[in-house]
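In the text below, chain A, chain B and the rest are named by the order of the sequence lines, each starting its count at 1.
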Protein chains: 2
Amino acid sequence: MNIGELAKRSNLTPSRIRFYESIGLLKMVERRPNGYRTYPPEALVLIELIATAQKAGFSLDEIRVLVPTDLENWQHDTLLETLQRKVADITALEARLAQSRKQLVALIKDIEAKPGDIDCAENARRVLSRMLDNADLPDMDAGDVKLLGKAGRVRANRRKSAAN
Amino acid sequence: MNIGELAKRSNLTPSRIRFYESIGLLKMVERRPNGYRTYPPEALVLIELIATAQKAGFSLDEIRVLVPTDLENWQHDTLLETLQRKVADITALEARLAQSRKQLVALIKDIEAKPGDIDCAENARRVLSRMLDNADLPDMDAGDVKLLGKAGRVRANRRKSAAN
DNA sequence: CTTGACCCTAAAGTTAACTTGAATGTTAAG
DNA sequence: CTTAACATTCAAGTTAACTTTAGGGTCAAG
């Protein structure tokens with residue numbers, strides 16, 4: 001299988017597949033005499049596994065450790081351990097998210113409660129201090145979350161437009 | 001208040017505070033004749049709010065839109081709307097995480113069930129296909145999550161070490 | 001009046017996970 | 001035989017959110 005076909009079947013770009021190979025994540029590839037890469041059918045399974053693992057929150061570095069890329073010898077124990085750690089991680093994250101949501105919902109109620117009547121700045125200050133009061137989310141020492149960006153997109157270079 | 005003190009009180013680095021100013025996030029700052037920045041006490045509240053919002057998963061771009069940085073005029077409606085969207089985002093993410101965890105737990109059980117007896121490669125293949133079978137996580141069109149990296153740390157330059 | 005702690009700016013570096021670009025080779029079709 | 005669609009490499013660009021570095025000023029203490 002050529003890279004183009006593998007790309008189509010897996011819904012990854014060729015460049016991405018080459019990239020995975022370049023970082024040692026995808027070693028299941030041979031070269032034809034002309035230099036073209038050629039992949040066995042298992043490669044499809046493997047890169048889909050990689051993509052799936054990414055969706056589940058694994059970094060490529062973690063995936064490299066997890067999946068010895070050749071399907072033949074992966075270490076049972078390391079794998080289990082890592083998976084278990086990851087479940088713990090997810091559980092912790094779920095707790096954090098629940099906290100965040102609780103906080104946000106409280107904040108919304110708080111803001112809605114005041115029909116724009118009273119002084120806006122005063123209201124702001126009140127809301128801010130409320131927000132800070134229960135700003136006791138456990139610090140993310142162990143990693144980080146980013147959710148759903150792309151909201152306040154700024155067109156040009158941020159520094160430049162901000163220097164305005 | 002000088003930047004150093006603000007930094008200490010907020011537990012952010014001075015460079016980070018300057019950075020926030022440089023991207024137009026923190027406009028609450030004056031200059032003393034010597035060029036030193038000087039902050040009113042409210043600045044502490046504000047940057048703590050920024051940090052809190054980040055912990056809750058807001059990007060700096062989103063925060064810029066949310067918090068007009070002067071405490072005096074923020075738009076009630078935009079704010080509410082954004083907060084609500086964020087709650088929805090978090091809910092969606094929670095669903096995704098629950099899915100991920102369920103999948104991982106199933107996978108762990110699956111692996112544990114086979115005492116390393118049977119062929120390792122066969123086992124691997126079985127586990128992989130199981131993983132791929134329920135690899136139906138909703139695609140993250142709307143954003144992305146990263147959890148808890150720093151596991152499979154590779155020392156030197158990744159490209160370089162992989163080229164080995 | 002010097003030393004150390006603090007402040008300034010502008011530019012470049014960092015990390016992850018890719019993408020894009022430039023320059024070039026290969027192959028299948030008409 | 002040419003052309004389009006594919007393939008290759010290597011280097012550089014992208015984004016977010018900062019940090020680091022280089023090269024200087026400023027200030028309080030002794």
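In this structure, of C/dA17, D/dA17, C/dT19, it is C/dA17 that holds the atom nearest to the side chain of A/L60. Here C/dC18 is the nucleotide among D/dT19, C/dC7, C/dC18 with the atom lying nearest to any side-chain atom of A/F19. Comparing C/dC6, C/dC7, C/dC18 by their closest approach to the side chain of B/K8 singles out C/dC6.
The distance from atom CD of A/E21 to atom C1' of D/dC10 is 14 Å, rounded to the nearest whole Å. The CD1 atom of B/I17 sits 10 Å away from the P atom of D/dT19 (whole-angstrom rounding).
A residue-by-residue look at B/P14 and A/R16 shows that B/P14 has its nearest nucleotide of DNA chain C further toward the 5' end. When the nearest nucleotides of DNA chain C are assigned to A/N34 and B/R18 by heavy-atom distance, the more 5′-ward of the two goes with B/R18.
The phosphate of D/dC27 (OP1 or OP2) has no side-chain N or O of B/Y36 nearer than 4.0 angstrom. Regarding contacts with the backbone of D/dT19, a side-chain N or O of B/T13 is found under 4.0 angstrom from either OP1 or OP2. In this model, the phosphate group of D/dA16 is not approached by any side-chain N or O of B/S59 to a distance below 4.0 Å at OP1 or OP2.
Using a 4.5 Å cut-off on side-chain heavy atoms (C-beta onward), A/R32 and A/N2 make contact. Two residues are said to be in side-chain contact when any heavy atoms from C-beta on lie closer than 4.5 Å; B/I3 and B/Y36 fail this criterion. Using a 4.5 Å cut-off on side-chain heavy atoms (C-beta onward), A/L25 and A/F19 make no contact.
Contact annotation for B/R37: backbone-only contact, meaning every heavy-atom pair under 4.0 Å involves sugar-phosphate atoms and none involves a base. When heavy atoms are screened at a 4.0 angstrom cut-off, B/R31 is found touching the sugar-phosphate backbone but no base atom.
Evaluated for a salt bridge (charged side-chain N to carboxylate O under 4.0 Å, His left out) with B/E21, the options B/R37, B/R16, B/R64 yield exactly one hit, B/R37.
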